[in-house]
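What follows is a short report on a single structure.
Values below: every heavy atom of this structure, side chains too, minus hydrogens, waters and symmetry copies. Numbers here are sequence positions counted from 1. Each ligand, and each atom within it, is numbered from 1 in the order the structure gives.
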Amino acid sequence: MKYPSKVKLVDVGPRDGLQNEKEPVPAAVKIELVHRLQDAGLTEVEVTSFVSPKWVPQMADAAQVMAGIRRKPGVRYSVLTPNMKGFEAALASRPDEIVVFAAASEAFSQRNINCSIADSMERFAPVVAAARAKGIYTRGAVSVAVGCPYQGEVSPDGVELVARLMKQIGVQHLGVADTIGTGTPRKVQAAMEAALRHYALDDISGHFHDTYGQALPNTLACLEMGIWQYDASVAGLGGCPYAKGATGNVATEDVVYMLHGMGIDTGIDLDLLVDAGKYISDFLGRRPNSRAATALLNKRVAA
Ligand code: HMG
Ligand code: MG
């Protein structure tokens, strides 16, 4: 078996990780988290969302957070933009990449972005065209790629359809998301195979929530397919406001621990990453939701 020699991780903690927090997290804390992530060696950070503050109050400070970041050369900053209103608001903050997000089930599309899959593509098309005209890279996320909280099982056909539509409107990269973390390795591989019908191996990433503890095996299953780009969330923060009961993304610390143990390079300093996770977890008043971080923090206390 030949695994990729390098993996690129996108930390989505400041966005996916914090979007669901009930208590407001001040912009200054979000900014400090981004700084700590980039200091730990992350080269991609998903910072925030330009969405309706009525729908997701925690992301209402998107412009303030983007304006406060000390940009580090070589680091790329992405933001979610579900429509032209969000894209126009995002432009002033000079994102390197924008993310449009669709769903592989009609039910989730309605709950998350208040429209059908077909309508979502009509909203995204001008966003993608405007972004590309300005040289901003475009990513599309396919939510509920293996399971939906409203519909149940999702077949790979749902992923194939969204991948095809995303390709048609010019989206350059596709993120395949197990939003509720019910996926297991073969199912996730089938979703990836559906995405690979329209996107090249180098233009696909995995985004696995860890609700059922399957995110690491799912990552390993995708590594076996040669997929080398993944989203992860420091300290395992997060969840989606429209996927009740779903927990955060796989913890970045756990993925980094696994990859380094396999001799796969990430460019990330695990100790500094653990510090970043501890910083935000301390602020939130809880322990990091990461086995590797917990073990390493316990080891520090014992030393
Ligand atoms: P809508 O209500 O259908 O939109 O919402 P609308 O165009 O009818 O506008 C209604 C109101 O929202 C208007 O304001 C608009 O101005 C405002 P009003 O006149 O009532 O005062 N509005 C906006 N305000 C700020 N920014 C905007 C914006 N657009 C409209 N961009 C909309 C449609 C998509 C905006 C809404 O449904 C929404 O914001 N949804 C939030 C969805 C979200 O953020 N979900 C979580 C992120 S996705 C995720 O976590 C999944 C992912 O991690 C992958 C995975 O794990 O699956 C990516
Ligand atoms: Mg997510």
Side-chain angles (χ1 to χ4, degrees), residues 10-21 46-63 66 78-93 95 97-105 107-117 119-124 126-127 130 139-151 154 158-159 162 166 171 173-183 188 191 195 205-211 215 218 230-233 236-252:
V10 180
D11 203 294
V12 298
R15 194 283 300 173
D16 203 336
L18 295 179
Q19 69 183 4
N20 211 24
E21 285 298 325
E46 196 172 275
V47 179
T48 187
S49 306
F50 287 85
V51 295
S52 163
K54 285 184 196 148
W55 285 63
V56 188
Q58 190 63 257
M59 296 287 110
D61 58 4
M66 282 298 281
S78 54
V79 301
L80 269 57
T81 56
N83 53 19
M84 276 310 282
K85 189 177 168 84
F87 176 71
E88 276 155 13
L91 258 188
S93 62
E97 179 170 326
I98 57 102
V99 185
V100 291
F101 46 104
S105 86
F108 194 79
S109 185
Q110 290 292 348
R111 301 283 182 114
N112 196 35
I113 52 175
N114 205 23
C115 64
S116 67
I117 296 170
D119 287 349
S120 72
M121 294 298 155
E122 277 183 32
R123 288 183 188 180
F124 300 156
V127 174
R139 169 157 51 104
V142 191
S143 286
V144 297
V146 281
C148 168
Y150 310 108
Q151 179 190 300
V154 174
V159 179
V162 176
M166 289 275 196
V171 172
H173 179 106
L174 196 75
V176 177
D178 182 6
T179 312
I180 56 172
T182 52
V188 169
S205 55
H207 174 111
F208 305 133
H209 286 260
D210 201 27
T211 319
N218 290 341
Y230 299 91
D231 296 349
S233 179
L237 298 171
C240 174
Y242 302 100
K244 216 169 180 305
T247 62
N249 289 83
V250 64
T252 317

Quiz item: ligand 1 versus P53, non-hydrogen atoms closer than 4.0 Å: side chain, backbone, both, neither?
Solution: side chain

Quiz item: Nearest heavy atom to atom 35 (C) of ligand 1: which of N83, V51, N112, V176 does it belong to?
Solution: N83

Quiz item: Are the side chain of S52 and the backbone N or O of K54 linked by a donor-acceptor pair below 3.5 Å?
Solution: yes

Practice problem: Measure from atom 2 (O) of ligand 1 to every heavy atom in V99, N114, N20, V56 and give the option owning the shortest one. | Solution: N114

Quiz prompt | Angle subtended at the Mg ion (ligand 2) by D16 OD2 and H209 NE2, rounded to 10 degrees | solution = 100°

Self-check item: Heavy-atom nearest neighbour of atom 50 (O) of ligand 1 within options Q58, Q19, M59
Solution: Q19

Quiz item: Mind checking what makes salt bridge (charged side-chain N to carboxylate O under 4.0 Å, His left out) contact with E21, not counting sequence neighbours?
Solution: R286

Self-check item: Set of residues satisfying side chain to side chain donor-acceptor pair (under 3.5 Å) with respect to Q110, sequence neighbours excluded
Solution: none

Exercise. Identify the residue among R139, E97, R15 that makes a side chain to side chain donor-acceptor pair (under 3.5 Å) with S78.
Key: R139

Quiz item: At a non-hydrogen distance cut-off of under 4.0 Å, which region of R123 contacts ligand 1 (side chain, backbone, both, or neither)?
Solution: side chain

Quiz item: At a 4.0 Å cut-off, with the gap strictly under it, does some heavy atom of A103 reach an atom of ligand 1?
Solution: no

Quiz item: So, is L80 polar-close to ligand 1, with some N/O to N/O distance under 3.5 Å?
Solution: no

